[in-house]
Amino acid sequence: MTISAVLFDVDGTLVDSNFLHVDAWSRAFAELGAPVDSWRIHRSIGQDSARLLESLVGDRDEEWTSRAKDLHSRYYLEQAGRLRAFDRAADLLAELSSRGIRVVLATSAPEDELKLLMDVLDAGDSIHATTNADDVATAKPEPGIIEVALERAGAQPSDALFIGDSVWDMMAAARAHVRAAGVLSGGVGPSELLEAGAVSVFDDPADLLARIDGVLSGRRSA
(Lines give C-alpha, C1' and ligand atoms only; values in the text may rest on other atoms or scores of the structure.)
Protein backbone atom coordinates (compact mmCIF):
# COMPACT_ATOMS: atom_id res chain seq x y z
CA MET A 1 0.00 0.00 0.00
CA THR A 2 1.29 3.43 -0.98
CA ILE A 3 0.16 6.50 0.94
CA SER A 4 0.48 9.73 -1.03
CA ALA A 5 -1.59 11.95 1.29
CA VAL A 6 -2.39 12.11 4.99
CA LEU A 7 -5.46 14.15 5.91
CA PHE A 8 -5.76 15.49 9.43
CA ASP A 9 -8.60 16.69 11.55
CA VAL A 10 -7.18 19.51 13.70
CA ASP A 11 -9.29 20.16 16.83
CA GLY A 12 -8.46 17.45 19.36
CA THR A 13 -6.13 15.74 16.90
CA LEU A 14 -3.24 18.14 16.40
CA VAL A 15 -4.29 20.97 18.75
CA ASP A 16 -5.59 20.67 22.31
CA SER A 17 -8.81 22.60 21.74
CA ASN A 18 -11.76 20.27 22.34
CA PHE A 19 -12.33 21.25 25.92
CA LEU A 20 -12.20 24.94 25.03
CA HIS A 21 -15.02 24.22 22.59
CA VAL A 22 -16.92 22.41 25.35
CA ASP A 23 -16.55 25.41 27.65
CA ALA A 24 -17.57 27.86 24.92
CA TRP A 25 -20.70 25.89 24.04
CA SER A 26 -21.54 25.45 27.72
CA ARG A 27 -21.39 29.20 28.30
CA ALA A 28 -23.40 29.89 25.16
CA PHE A 29 -26.19 27.50 26.15
CA ALA A 30 -26.30 28.86 29.70
CA GLU A 31 -26.57 32.44 28.43
CA LEU A 32 -29.50 31.42 26.23
CA GLY A 33 -31.29 29.74 29.11
CA ALA A 34 -30.70 26.17 27.95
CA PRO A 35 -27.86 24.74 30.08
CA VAL A 36 -26.39 21.43 28.90
CA ASP A 37 -24.15 19.06 30.87
CA SER A 38 -20.54 19.37 29.73
CA TRP A 39 -20.11 15.63 29.17
CA ARG A 40 -22.96 15.70 26.66
CA ILE A 41 -21.35 18.58 24.84
CA HIS A 42 -18.02 16.77 24.70
CA ARG A 43 -19.59 13.72 23.10
CA SER A 44 -21.00 15.96 20.36
CA ILE A 45 -17.79 17.84 19.58
CA GLY A 46 -16.48 17.16 16.09
CA GLN A 47 -19.77 16.95 14.25
CA ASP A 48 -21.56 19.53 12.15
CA SER A 49 -22.70 22.44 14.35
CA ALA A 50 -26.32 22.19 13.22
CA ARG A 51 -26.38 18.52 14.24
CA LEU A 52 -24.60 19.33 17.48
CA LEU A 53 -27.21 21.91 18.38
CA GLU A 54 -30.14 19.68 17.48
CA SER A 55 -28.75 16.75 19.47
CA LEU A 56 -28.14 18.90 22.56
CA VAL A 57 -30.98 21.44 22.65
CA GLY A 58 -33.53 20.09 20.21
CA ASP A 59 -35.21 21.95 17.39
CA ARG A 60 -34.69 25.72 17.66
CA ASP A 61 -35.48 28.55 15.29
CA GLU A 62 -32.85 30.11 13.05
CA GLU A 63 -32.42 33.18 15.23
CA TRP A 64 -31.72 31.07 18.33
CA THR A 65 -29.22 28.79 16.59
CA SER A 66 -27.45 31.73 14.99
CA ARG A 67 -27.14 33.40 18.39
CA ALA A 68 -25.80 30.18 19.93
CA LYS A 69 -23.16 29.84 17.22
CA ASP A 70 -22.11 33.48 17.58
CA LEU A 71 -21.78 33.13 21.34
CA HIS A 72 -19.78 29.92 20.99
CA SER A 73 -17.42 31.62 18.57
CA ARG A 74 -17.01 34.64 20.85
CA TYR A 75 -16.27 32.59 23.96
CA TYR A 76 -13.93 30.27 22.06
CA LEU A 77 -11.93 33.12 20.53
CA GLU A 78 -11.66 34.79 23.96
CA GLN A 79 -9.73 31.69 25.10
CA ALA A 80 -7.44 31.48 22.06
CA GLY A 81 -4.40 32.15 24.25
CA ARG A 82 -4.95 28.77 25.91
CA LEU A 83 -4.64 26.82 22.66
CA ARG A 84 -1.58 24.62 22.35
CA ALA A 85 -0.38 22.07 19.85
CA PHE A 86 -0.05 18.52 21.12
CA ASP A 87 3.48 17.33 21.76
CA ARG A 88 5.36 16.65 18.49
CA ALA A 89 2.36 17.50 16.28
CA ALA A 90 4.50 19.77 14.09
CA ASP A 91 7.25 17.13 13.98
CA LEU A 92 4.72 14.58 12.74
CA LEU A 93 3.63 16.83 9.87
CA ALA A 94 7.26 17.61 9.02
CA GLU A 95 8.18 13.93 8.94
CA LEU A 96 5.34 13.12 6.58
CA SER A 97 6.20 16.04 4.31
CA SER A 98 9.87 15.01 4.24
CA ARG A 99 8.79 11.64 2.87
CA GLY A 100 6.98 13.31 -0.02
CA ILE A 101 3.55 12.78 1.49
CA ARG A 102 1.06 15.59 1.04
CA VAL A 103 -0.38 16.81 4.35
CA VAL A 104 -3.84 18.35 4.24
CA LEU A 105 -5.70 19.79 7.23
CA ALA A 106 -9.22 18.49 6.66
CA THR A 107 -11.23 20.62 9.05
CA SER A 108 -14.55 22.43 8.90
CA ALA A 109 -13.39 25.10 11.35
CA PRO A 110 -14.32 28.66 10.34
CA GLU A 111 -11.53 30.55 8.63
CA ASP A 112 -10.72 32.71 11.68
CA GLU A 113 -10.46 29.64 13.92
CA LEU A 114 -8.34 27.82 11.33
CA LYS A 115 -5.87 30.71 11.30
CA LEU A 116 -5.51 30.46 15.08
CA LEU A 117 -4.97 26.70 14.84
CA MET A 118 -2.38 27.13 12.10
CA ASP A 119 -0.53 29.71 14.16
CA VAL A 120 -0.47 27.37 17.15
CA LEU A 121 0.73 24.44 15.04
CA ASP A 122 3.51 26.51 13.47
CA ALA A 123 3.98 23.92 10.73
CA GLY A 124 3.05 25.87 7.62
CA ASP A 125 6.00 24.60 5.56
CA SER A 126 4.77 21.02 6.03
CA ILE A 127 1.15 21.63 5.03
CA HIS A 128 0.19 21.17 1.39
CA ALA A 129 -3.40 22.45 1.68
CA THR A 130 -6.26 23.11 4.08
CA THR A 131 -10.04 23.11 4.13
CA ASN A 132 -12.45 25.20 6.19
CA ALA A 133 -16.13 25.76 6.90
CA ASP A 134 -16.68 27.56 3.59
CA ASP A 135 -15.89 24.40 1.62
CA VAL A 136 -18.98 22.35 2.54
CA ALA A 137 -22.60 22.91 3.48
CA THR A 138 -22.59 20.10 6.06
CA ALA A 139 -19.59 19.00 8.10
CA LYS A 140 -18.71 15.61 9.61
CA PRO A 141 -19.97 12.93 9.81
CA GLU A 142 -20.85 13.75 6.20
CA PRO A 143 -17.83 12.99 3.96
CA GLY A 144 -17.71 16.30 2.08
CA ILE A 145 -14.77 17.88 3.89
CA ILE A 146 -12.66 14.75 3.37
CA GLU A 147 -13.60 14.63 -0.30
CA VAL A 148 -12.49 18.27 -0.69
CA ALA A 149 -9.23 17.45 1.12
CA LEU A 150 -8.62 14.51 -1.23
CA GLU A 151 -9.13 16.76 -4.23
CA ARG A 152 -6.68 19.33 -2.87
CA ALA A 153 -4.15 16.58 -2.19
CA GLY A 154 -4.58 15.19 -5.71
CA ALA A 155 -5.14 11.77 -4.14
CA GLN A 156 -7.54 8.89 -4.55
CA PRO A 157 -9.28 7.49 -1.44
CA SER A 158 -7.19 4.33 -1.64
CA ASP A 159 -3.97 6.38 -1.54
CA ALA A 160 -4.88 8.44 1.52
CA LEU A 161 -5.02 8.08 5.27
CA PHE A 162 -7.20 10.20 7.55
CA ILE A 163 -6.30 10.94 11.18
CA GLY A 164 -8.96 12.13 13.64
CA ASP A 165 -10.07 12.02 17.25
CA SER A 166 -13.85 11.58 17.16
CA VAL A 167 -16.38 9.00 16.07
CA TRP A 168 -17.67 11.62 13.62
CA ASP A 169 -14.22 11.70 12.01
CA MET A 170 -14.18 7.93 11.62
CA MET A 171 -17.70 7.89 10.17
CA ALA A 172 -16.86 10.63 7.66
CA ALA A 173 -13.72 8.81 6.55
CA ALA A 174 -15.65 5.57 6.06
CA ARG A 175 -18.24 7.37 3.95
CA ALA A 176 -15.43 8.86 1.85
CA HIS A 177 -13.87 5.36 1.52
CA VAL A 178 -10.65 6.54 3.18
CA ARG A 179 -8.77 4.44 5.72
CA ALA A 180 -8.71 6.16 9.11
CA ALA A 181 -6.66 6.04 12.31
CA GLY A 182 -7.78 7.53 15.60
CA VAL A 183 -5.99 9.41 18.36
CA LEU A 184 -7.12 9.52 21.98
CA SER A 185 -6.08 13.14 22.48
CA GLY A 186 -9.62 14.41 21.88
CA GLY A 187 -11.00 12.46 24.83
CA VAL A 188 -12.81 9.61 23.04
CA GLY A 189 -11.99 6.04 24.05
CA PRO A 190 -10.28 3.51 21.77
CA SER A 191 -13.20 1.08 21.59
CA GLU A 192 -15.54 3.78 20.30
CA LEU A 193 -13.05 4.89 17.66
CA LEU A 194 -12.46 1.33 16.51
CA GLU A 195 -16.18 0.58 16.39
CA ALA A 196 -16.70 3.73 14.33
CA GLY A 197 -14.20 2.52 11.73
CA ALA A 198 -10.64 3.33 12.85
CA VAL A 199 -8.14 0.71 11.72
CA SER A 200 -5.66 1.79 14.40
CA VAL A 201 -5.66 3.95 17.52
CA PHE A 202 -2.78 5.97 18.96
CA ASP A 203 -2.45 8.03 22.12
CA ASP A 204 -1.60 11.32 20.40
CA PRO A 205 0.56 12.76 17.60
CA ALA A 206 3.78 11.86 19.45
CA ASP A 207 2.72 8.21 19.65
CA LEU A 208 1.73 8.23 16.00
CA LEU A 209 5.10 9.71 15.02
CA ALA A 210 6.95 7.08 17.03
CA ARG A 211 5.16 4.37 15.05
CA ILE A 212 4.98 6.13 11.70
CA ASP A 213 6.51 3.32 9.65
CA GLY A 214 3.81 0.92 10.77
CA VAL A 215 1.13 3.54 10.18
CA LEU A 216 2.21 4.11 6.59
CA SER A 217 2.61 0.39 5.88
CA GLY A 218 -0.96 -0.26 6.99
CA ARG A 219 -0.15 -2.45 9.98
CA ARG A 220 -2.97 -2.40 12.49
CA SER A 221 -2.32 -1.05 15.98
CA ALA A 222 -4.57 -0.41 18.97
Side-chain angles (χ1 to χ4, degrees), residues 3 5-22 42-49 51-52 83 85-90 92-93 96 101-109 113-114 117-118 120-121 123 127-133 135-136 138-150 152-153 155 157 159-209 211-212 215-216 218 220-222:
I3 296 295
V6 179
L7 320 176
F8 284 90
D9 173 63
V10 183
D11 284 306
T13 300
L14 296 172
V15 177
D16 192 3
S17 56
N18 278 4
F19 293 96
L20 298 187
H21 280 294
V22 171
H42 177 255
R43 292 188 64 80
S44 295
I45 294 295
Q47 66 177 319
D48 181 76
S49 60
R51 294 189 180 198
L52 177 148
L83 290 168
F86 286 116
D87 185 37
R88 306 214 67 189
L92 171 61
L93 303 189
L96 292 169
I101 294 170
R102 292 182 174 179
V103 172
V104 179
L105 304 187
T107 175
S108 57
E113 290 183 16
L114 176 59
L117 296 169
M118 293 275 288
V120 168
L121 267 174
I127 297 169
H128 175 76
T130 66
T131 66
N132 64 58
D135 292 316
V136 292
T138 306
K140 302 163 191 170
E142 296 304 317
I145 208 73
I146 296 179
E147 292 167 348
V148 172
L150 283 171
R152 291 181 182 169
D159 302 325
L161 173 67
F162 178 76
I163 310 294
D165 68 293
S166 72
V167 296
W168 320 111
D169 288 328
M170 301 303 109
M171 293 167 64
R175 292 174 182 179
H177 307 291
V178 174
R179 190 170 64 98
V183 287
L184 304 182
S185 44
V188 178
S191 61
E192 289 185 273
L193 293 172
L194 291 167
E195 288 171 10
V199 297
S200 303
V201 175
F202 302 85
D203 288 343
D204 53 21
D207 184 32
L208 202 157
L209 176 60
R211 296 192 271 167
I212 194 64
V215 173
L216 297 177
R220 296 181 67 94
S221 177

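Numbering of residues begins at 1 and proceeds along the displayed sequence.
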Keeping Ser108 on the side-chain end and Ala133 on the backbone end, is there a donor-acceptor pair under 3.5 Å?
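Judged by distance alone, no pair lies under 3.5 Å.
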
Measure the spacing between CE of Met171 and OG of Ser166 and express it to the nearest 0.5 Å.
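Met171 CE to Ser166 OG: 9.5 Å, rounded to 0.5 Å.
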
Closest approach of Ala123 and Ala90, non-hydrogen atoms and distance?
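Closest approach of Ala123 to Ala90, heavy atoms only: CB-CB, 4.0 Å.
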
Please name the pair of heavy atoms, one in Met170 and one in Ala180, separated by the smallest distance, quoted to 0.1 Å.
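Heavy atoms of Met170 and Ala180 come nearest at SD-CB, 3.8 Å.
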
Between Trp168 and Leu52, is any pair of side-chain heavy atoms under 4.5 Å apart?
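SC-SC contact between Trp168 and Leu52 ruled out.
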
What distance separates Asp87 CG from Asp203 CG, expressed to the nearest 0.5 Å?
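Here the rounded value is 11.5 Å.
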
About how many Å separate CG of Leu121 and CD1 of Ile127, when rounded to the nearest 0.5 Å?
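Here the interatomic distance stands at 6.0 Å.
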
Using side-chain contact (heavy atoms from CB on, under 4.5 Å), reason through Phe86 and Val183 one step at a time and then give a plain yes or no.
CA-CA 11 Å; Phe86 286 116; Val183 287; over 6 Å; no

Would you confirm whether His42, through its side chain, and Asn18, through its main-chain N or O, come within 3.5 Å as a donor-acceptor pair?
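Flag not set: sc His42 to bb Asn18 has no pair under 3.5 Å.
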
Count the heavy atoms belonging to other residues, nucleotides or ligands that lie under 6.0 Å from CZ of Arg43, then report whether that count exceeds 12.
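Counting other residues, nucleotides and ligands, CZ of Arg43 stays at 12 neighbours or fewer.
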
Can you name the nearest heavy-atom pair linking Gln47 to Pro141, along with the distance?
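So the minimum-distance heavy-atom pair works out to CB-CD, 4.2 Å.
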
Smallest separation among heavy atoms of Leu216 and Leu96, with atom names:
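So the two residues come closest at CD2-CD2, 4.1 Å.
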
Would you say that Leu184 contacts Asp207 through its side chain, given a criterion of any heavy-atom pair below 4.5 Å between the two side chains?
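Result no, sub-4.5 Å side-chain heavy-atom pair not found.
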
Heavy atoms only: give me the nearest Gly12-Ser17 pair and the separation to one decimal.
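Looks like N-OG, 3.6 Å.
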
Roughly how far apart are Thr130 OG1 and Asp135 CG, rounded to 0.5 Å?
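So the OG1 of Thr130 and the CG of Asp135 are separated by 7.5 Å.
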
For residues 6-18, which residue pairs qualify under salt bridge (Lys or Arg N to Asp or Glu O under 4.0 Å), counting only residues two or more places apart or in two chains?
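As it turns out, the salt bridge (Lys or Arg N to Asp or Glu O under 4.0 Å) pairs with a partner in residues 6-18, which skip direct neighbours, are Asp9-Lys140, Asp16-Arg84.
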
Closest non-hydrogen atom pair, Gly164 against Asp169:
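Closest pair (atom of Gly164, atom of Asp169, distance): CA-OD2, 3.4 Å.
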
For a side-chain contact (heavy atoms from CB on, under 4.5 Å) check, start with the C-alpha distance between Val136 and Thr131, then their side-chain angles and the critical distance, and finish with the verdict.
CA-CA 9 Å; Val136 292; Thr131 66; over 6 Å; no

Under 4.5 Å between any side-chain heavy atoms of Phe202 and Val215, yes or no?
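In short, these two side chains touch, coming nearer than 4.5 Å.
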
Given side-chain contact (heavy atoms from CB on, under 4.5 Å), test Leu14 with Leu93 step by step and report yes or no.
CA-CA 10 Å; Leu14 296 172; Leu93 303 189; 4.3 Å; yes

Walk me through it: do Thr107 and Glu113 pass the test side-chain contact (heavy atoms from CB on, under 4.5 Å)?
CA-CA 10 Å; Thr107 175; Glu113 290 183 16; over 6 Å; no

Distance from Leu7 atom CG to Leu161 atom CG, nearest 0.5 Å?
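Interatomic distance, Leu7 CG to Leu161 CG, rounded to 0.5 Å: 7.5 Å.
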
Just verifying a value: how many Å separate Arg179 CZ and Ser200 OG, rounded to the nearest 0.5 Å?
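Nearest 0.5 Å value for the CZ-OG distance: 6.5 Å.
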
So, does Arg102 use its side chain to make a donor-acceptor pair with the main chain of Ala153 at under 3.5 Å?
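It does hold such a pair.
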
